[in-house]
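Working notes, beginning with the structure itself.
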Amino acid sequence: MAEQTIDVELDLSGEVCPYTFIKSKMAIDALDPGKVLSVTVDNSESAGNVPRSLSGEGHEVLSVDKAGSGRWRIVVRNGGTVE
Amino acid sequence: MLLISIVSGLVSGFVGGYALQRGGFCMHSAFRSIAFEKEHSIVRSWLLVLAINIPAVLLLEQAGVVFPARAPLTVVAGLIGGLVFGLGMVLAGGCVSGTYYRASKGMTGSLVALTGFVAGGLMVTRGVLQPVRSGLMRAELSIAGEEASLYNLPAAFNPGFFPGFGFRWLVAGFVVAAIVWFLLRAPKSRFAVGWSWWQTGVVVGLVAVAAWYFSALEYRDYGLSIVQPTNALAGWMFSRESGGINWASWFLLGLIPGATVAAWRAGDLSLRVPSAGRLVQNLGGGILMGWGANLAGGCNIGHGITGVSLLSLGSVWATAATIGGVWLMTAIVYRAAARPQP
């Protein structure tokens, strides 16, 4: 797969829920539809919860990858309708 | 007998800790998601644990193996304790079991919250807040002289009613059928980093049943709990009182290495340090959790899993108050986060 263009990077190391969800939701909602957000979290639960929650909010989760020991990278595209 | 208790407790604790970690079984997230998110996989894990335990404990009771002790319906202590516990959970970043397994994988914020939880608990159980608890616990509702539950609820209206096992199975059947109906409508499990919701629910559910069985062997009439053994171990460590040490204490001691090994195998074991401000917040949250859980007489495990599985109204009440506290603090945190940064 070609490398995805990332519009905004968000590093949430040191944060747990609910902050991981709130901050990633605010970041993706601030983007235009179709734009892509990359979120880095440093615990496995957030790596599962953040994509599940954002997907539930109607956004498209492009990938969830292990980015090193105790680190995960989640790439999400804003799922709003492109005008 | 002591050897059976120690070995079965440590082994069950290890399996339980492993499952909590791999499943990311955070009841704080579960409670929050009910109102704030459209995704409910951890709620499903919790409900599956209940659907396994409600009939299993009833069966063990009918077979004469266990004689479950229900928590009293302490109207005021349960409400205030549950609310404070729920508020604290959000600030601490996890429920009690969640705080244990996160601390076990090197998350410093949870380790700090756990320290606050122990300190807050000691203040309520043997410290300055002890009289507050005694006072608040006086308001208690019972049904026909017994602890209130869904099983003996009809006796509140008809004092001559006695809930036989036929009636209890009918009530349990309705509750379990409602849960199963909800679980069967689950969407396909997605983005599971560890175990899926149903794997987690099955393993935690079976560990909770084992807790009843092994506890009964030493005449302890309760299942899984975290608050009681936390206080017991703290009492033993700080004032050499070994009175409360029982199966649940061995379980808790097994949970920590189980959670650590699970995290290590998943590449999730490393020391993580949040900002100083967040650490202070976690400490405050932990203290509130210690106050609240000890005032309410249990946490998300003792009330939320074990007590609710007994269909005890005291546990349902405290759990509902806890969920209310989580929602209240989550709403506050959301509002604070949404405010434009200066």
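Lettering of chains follows the sequences in order, A, B, ..., and the numbering in each one begins at 1.
- Looking at B/Arg22, there are no atoms closer than 4.5 Å to chain A (heavy atoms on both sides), in backbone or side chain.
- Remark: the B/Asn300 side chain and the B/Thr319 side chain contain no N/O donor-acceptor pair separated by less than 3.5 Å.
- Summarising the geometry, atom CH2 belonging to B/Trp327 is positioned 12.5 Å from atom CZ belonging to B/Arg32; distances are rounded to the nearest 0.5 Å.
- In this structure, chain A has no heavy atom under 4.5 Å from any part of B/His40.
- For B/Leu269, the part sitting under 4.5 Å from any heavy atom of chain A is the backbone (N, CA, C, O) and nothing else.
- Proximity to chain B is limited to the side chain of A/Lys66, based on heavy atoms less than 4.5 angstrom apart.
- Counting heavy-atom pairs closer than 4.5 Å to chain B, the top-ranked of the candidates A/Gly68, A/Ser46, A/Pro18 is A/Pro18.
- Only the side chain of B/Ser41 comes within contact range of chain A, with heavy atoms under 4.5 Å apart.
- No other option in A/Asn49, A/Asp42, A/Val64 has as many heavy-atom pairs under 4.5 Å with chain B as A/Asp42.
- When A/Ser44, A/Ala47, A/Ser13 are compared by the number of non-hydrogen pairs under 4.5 Å with chain B, A/Ser44 comes out ahead.
- Highest contact tally toward chain A, considering only B/Lys38, B/Met107, B/Arg278, is held by B/Arg278 [criterion: heavy-atom pairs under 4.5 Å].
- Looking at A/Ser55, only its side chain comes within 4.5 Å of chain B, counting heavy atoms on both sides.
- Counting heavy atoms of neighbouring residues, nucleotides and ligands inside a 6.0 Å radius, atom NZ of A/Lys35 does not exceed 12 of them.
- If you look at B/Phe25 and B/Trp195, their ring centroids are not closer than 6.0 Å.
- Using a cut-off of 4.0 Å between Lys/Arg side-chain N and Asp/Glu carboxylate O, B/Glu37 and A/Arg52 are scored as not salt-bridged.
- For the pair A/Glu9 and A/Arg73, the salt-bridge criterion is met [side-chain N within less than 4.0 Å of a carboxylate O].
- Using a cut-off of 4.0 Å between Lys/Arg side-chain N and Asp/Glu carboxylate O, B/Asp268 and B/Lys105 are scored as salt-bridged.
- In this structure, B/Phe36 has its ring center closer than 6.0 angstrom to the ring center of B/Tyr334.
- When heavy atoms are compared at a cutoff of 4.5 Å, B/Ser270 approaches chain A solely by way of its side chain, counted from C-beta outward.
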